[in-house]
Amino acid sequence: MIDLTQHNTLGLPSQADTYVRAKDRLQLQAWLQRHQGYPLLVLGGGSNVVLPDYWPGVVIAPAMQGVQCLETRSEQVLIEVGAGEVWKDLVLYTLKQGWYGLENLADIPGWVGAAPIQNIGAYGVELSSVLHSVVAVSRKDSHEQVFSREQCRLGYRESIFKQEEAERWVIVAVRMLLRRQPLLHLDYGEIRQELLRQQVEHPDAWAVSQAVIALRRRKLPDPAVLGNAGSFFKNPWVDAMKASELRDHFSGLVAYPQAGGYKLAAGWLIDYVGLRGQGDQHVGCHVDQALVLVNRGGAKAADILAWARHVQARVQDVFGIMLEIEPRVYR
Ligand code: FAD
Ligand code: EPU
């Protein structure tokens with residue numbers, strides 16, 4: 001029996017029969033073959049999962065390391081990164097190499113192999129803007145397949161690996177096309193303000209990464225101090241008519257135009273219904289960011305999920321919107 005409490009950032013107590021780290025593809029294929037027929041949970045950094053008290057099977061961590069430059073083109077480099085590399089380290093490493101594109105995605109927890117699963121995004125940039133392809137191994141028969149960016153069908157916190165291909169593949173490497181000249185994205189949220197605050201007049205990509213890191217550290221709790229999985233719900237999309245109805249009733253509603261409708265700030269909705277900072281001694285909404293559910297100590301999966309249902313019910317009552325859970329919940 002293995003204790004997974006240290007392997008999930010919510011810090012939920014969880015046990016599994018076996019936990020193995022696959023250092024390379026051959027080792028992964030051997031583990032997959034050896035454990036055919038057992039329930040299989042693939043786990044990276046554990047920063048986007050709600051783990052059950054007991055997982056009656058094997059947990060495999062695809063821990064492949066390495067960053068390889070596959071091709072240098074006039075304006076871009078094509079890199080391949082092992083699934084087990086730590087995402088936030090990769091971002092800083094690429095910037096030091098003079099490879100640009102990941103700066104707005106600085107400081108997102110987790111491993112590289114999980115990045116395509118929900119098409120990680122922050123501060124106006126998503127993985128989809130740099131993803132070239134994904135190398136994956138079939139959980140069923142261990143064959144290897146390359147998924148092009150189009151085949152991954154990336155969307156807002158979505159990909160084919162959360163939909164029709166869910167639980168069928170283990171991602172072993174991620175290929176990204178990075179720029180050799182930076183193209184800065186400064187227009188999202190408070191990036192410009194933060195750069196000014198840091199007295200950076202002529203920002204480069206490194207400065208953007210540092211501004212994003214500073215902003216994130218002010219808003220989001222550090223999982224090492226307070227267990228959490230980042231945003232617990234997705235920001236909901238509503239059509240223009242619903243957005244306009246809501247605006248008439250709720251002044252201050254935070255809504256961003258998006259794909260023929262509006263994306264609403266779920267954190268604002270939860271805050272509005274009075275749940276920011278609320279909960280009990282075990283679980284609740286973070287006091288600085290209502291969208292982040294926190295384990296204040298001693299919470300189990302059932303406590304987190306009960307609180308999540310309470311939040312969903314309150315938001316549904318007031319706004320008529322059902323919030324969708326972002327992390328993967330295992331039962
Ligand atoms: P895990 O939690 O280990 O796994 C998540 C899911 O992916 C599971 O279903 C797992 O089975 C699957 N999976 C993992 N690795 C593989 C693999 N190699 N092959 C196949 N399936 C795999 N996310 C954002 O998008 N933007 C943010 O700004 C952001 N901020 C965060 C801030 C905090 C403080 C925290 C705690 C989380 C945040 N997240 C954010 C969520 C999380 O960091 C990302 O989703 C990250 O990509 C998860 O990586 P992981 O290795 O921890 O995945
Ligand atoms: N807000 C409130 N009260 C709150 C929380 C937020 O009023 O308690 C308001 C804020 O003032 C702001 C708006 O809601 O006007 C949006 O808040 P924020 O800028 O913190 O961003 P978010 O929409 O809550 C999203 C992502 C984050 C990502 C940030 C930055 C989702 C579900 N979340 O958060 O991703 O880091 O934007 O780009 O899309 C994650 O997915 O785990 C995650 C942390």
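Both ligands and their constituent atoms are indexed starting at 1 by order of listing.
Ring-centre distance between Trp237 and Tyr156: not below the 6.0 Å cut-off.
Neither the backbone nor the side chain of Val172 has a heavy atom within less than 4.0 Å of ligand 1. Residue contacts with ligand 1, taken as heavy atom pairs separated by less than 4.0 Å, involve Ile108 solely via side-chain atoms from C-beta onward. Within the 4.0 Å heavy-atom criterion, the part of Tyr188 lying near ligand 2 is the side chain and not the backbone. Looking at Val49 against ligand 1, both its backbone and its side chain come within 4.0 Å, counting heavy atoms. With a 4.0 Å cut-off on non-hydrogen atoms, Pro327 does not touch ligand 1 at all. Neither the backbone nor the side chain of Trp87 has a heavy atom within less than 4.0 Å of ligand 1. In Ser47, the parts holding a heavy atom less than 4.0 Å from any atom of ligand 1 are both the side chain and the backbone. Under 4.0 Å from ligand 2, not a single heavy atom of Phe232 appears. Proximity of Arg276 to ligand 2, defined as any heavy-atom pair under 4.0 Å, is confined to the side chain (atoms from C-beta onward).
Considering backbone and side-chain atoms alike, Val42 places an N or O below 3.5 Å from some N or O of ligand 1. Residue Leu43 has no nitrogen or oxygen atom sitting less than 3.5 Å from a nitrogen or oxygen atom of ligand 1, judged on distance alone. Polar contact check, Ile171 against ligand 1: a nitrogen or oxygen pair lies under 3.5 Å apart. For ligand 1, the polar-atom distance check finds an N/O of Gly121 within less than 3.5 Å of one of the ligand's N/O atoms. Checking only distances, Asn228 never comes within under 3.5 Å of ligand 1, N or O to N or O. The distance criterion of under 3.5 Å between nitrogen or oxygen atoms is not met by Glu326 with respect to ligand 1. Close N/O approach between Gly46 and ligand 1 is found [any backbone or side-chain N/O within under 3.5 Å]. In terms of polar-atom proximity, defined here as any N/O pair under 3.5 Å, Gln118 does make such a contact with ligand 1.
Of all atoms in ligand 1, numbered sequentially from 1 with element shown, those under 4.0 Å from a heavy atom of Val170 are 19 (N), 20 (C). Heavy-atom proximity to Val254, at under 4.0 Å, picks out these atoms of ligand 2: 15 (O). Every atom of ligand 2 with a heavy atom of Asn235 under 4.0 Å away is listed here by number and element: 23 (O), 31 (C), 32 (C), 39 (O). Listed by atom number, the atoms of ligand 2 under 4.0 Å from Ala265 heavy atoms are 13 (C), 14 (O), 16 (C). Atoms of ligand 1 found under 4.0 Å from any heavy atom of Arg216 (numbered from 1 in listed order, with element): 27 (C), 28 (O), 29 (C), 30 (N), 31 (C), 32 (C). Here is the list of ligand 2 atoms found below 4.0 Å of a heavy atom in Ala122: 36 (O), 38 (O). Every atom of ligand 1 is numbered from 1 in the order shown, and the set under 4.0 Å from a heavy atom of Arg328 is 9 (O). Residue Tyr256 has at least one heavy-atom neighbour below 4.0 Å for each of these atoms of ligand 2: 13 (C), 16 (C). Here is the list of ligand 1 atoms found below 4.0 Å of a heavy atom in Trp169: 20 (C). Counting atoms of ligand 1 from 1 in the listed order, those under 4.0 Å from a heavy atom of Gly110 are 49 (O), 50 (P), 51 (O), 52 (O). Counting the atoms of ligand 1 from 1 in the order shown, those under 4.0 Å from a heavy atom of Thr9 are 36 (C). The contact set between ligand 2 and Tyr156, taken as ligand atoms under 4.0 Å from a residue heavy atom, comprises 31 (C), 32 (C), 39 (O). The distance from ligand 1 to the heavy atoms of Tyr330 drops below 4.0 Å at these ligand atoms: 8 (C), 9 (O), 10 (C), 11 (O). Ligand-side atoms of ligand 2 in range of Arg216: 36 (O), range being under 4.0 angstrom from any heavy atom.
Looking only at heavy atoms of the protein, atom 50 (P) of ligand 1 is closest to Gly45 N, 3.4 Å. When hydrogens are left out, the protein atom nearest atom 13 (N) of ligand 1 is Ile117 CG1, 4.0 Å; that is the closest non-hydrogen contact. When only non-hydrogen protein atoms are considered, atom 3 (O) of ligand 1 lies nearest to Gly44 N, 2.7 Å. Protein heavy atom in closest approach to atom 38 (O) of ligand 2: Tyr123 N, 2.7 Å. With respect to atom 8 (O) of ligand 2, the closest heavy atom belonging to the protein is Ala290 N, 2.8 Å.
Around CE of Met241, the count of heavy atoms belonging to other residues, nucleotides or ligands within 6.0 Å does not exceed 12. Counting non-hydrogen atoms of other residues, nucleotides and ligands closer than 6.0 Å to NE2 of His143 gives a total above 12. Residue Lys88 places its NZ atom among more than 12 non-hydrogen atoms of other residues, nucleotides or ligands, all under 6.0 Å distant. Within a 6.0 Å radius of CD in Glu164, other residues, nucleotides and ligands contribute more than 12 heavy atoms.
Within the cation-pi definition used here (under 6.0 Å to the ring centroid, within 45° of the axis), Arg328 qualifies as a partner of Tyr330.
Contact annotation: Phe233 has at least one heavy atom less than 4.0 Å from an atom of ligand 2. Proximity of Arg157 to ligand 1 is established by a heavy-atom distance of less than 4.0 Å. No heavy atom of His286 sits closer than 4.0 Å to any atom of ligand 2.
If you check each of Ser231, Ala229, Gly230 against atom 40 (C) of ligand 2, the one with the closest non-hydrogen atom is Ser231. Counting only non-hydrogen atoms, the option in Lys219, Glu190, Gln118, Arg157 that gets closest to atom 28 (C) of ligand 2 is Arg157. Looking at Asn48, Leu105, Leu10, Leu40 and measuring to atom 41 (C) of ligand 1, the nearest heavy atom belongs to Asn48. Residue Pro109 holds the heavy atom nearest to atom 43 (O) of ligand 1 of all those in Ala122, Ala229, Gly113, Pro109.
The nearest protein heavy atom to atom 10 (C) of ligand 2 is not closer than 4.0 Å. In this structure, atom 42 (O) of ligand 2 has protein heavy atoms in its sub-4.0 angstrom surroundings.
Nearest approach of Ala266 to Leu323, heavy atoms of both residues: CB-CD2, 3.9 Å. Taking each heavy atom of Leu131 and Arg149 in turn, the nearest pair found is O-CD, 3.1 Å. Of all heavy-atom pairs spanning Leu154 and Pro116, the tightest one is CD2-O, 3.7 Å. The two atoms that bring Ala211 and Gln198 nearest to each other are CA-NE2, 3.9 Å, heavy atoms only. Nearest heavy atom pair, residue Lys219 against residue Gln289, reads O-CB, 3.9 Å. Pro62 and Leu43 get closest at one heavy-atom pair: CD-O, 3.5 Å.
A donor-acceptor distance shorter than 3.5 angstrom exists from the side chain of Gln36 to the backbone of Lys140, with no hydrogens or angles considered. Under a 3.5 Å cut-off, the side chain of Asn104 and the backbone N or O of Tyr123 do form a donor-acceptor pair. Between the Glu103 side chain and the Gly101 main chain, a donor and an acceptor come within less than 3.5 Å of each other. With Thr72 contributing its side chain and Val77 its backbone, the two residues share no donor-acceptor pair below 3.5 Å. One N or O on the side chain of Thr94 and one on the backbone of Leu90 form a donor-acceptor pair closer than 3.5 Å.
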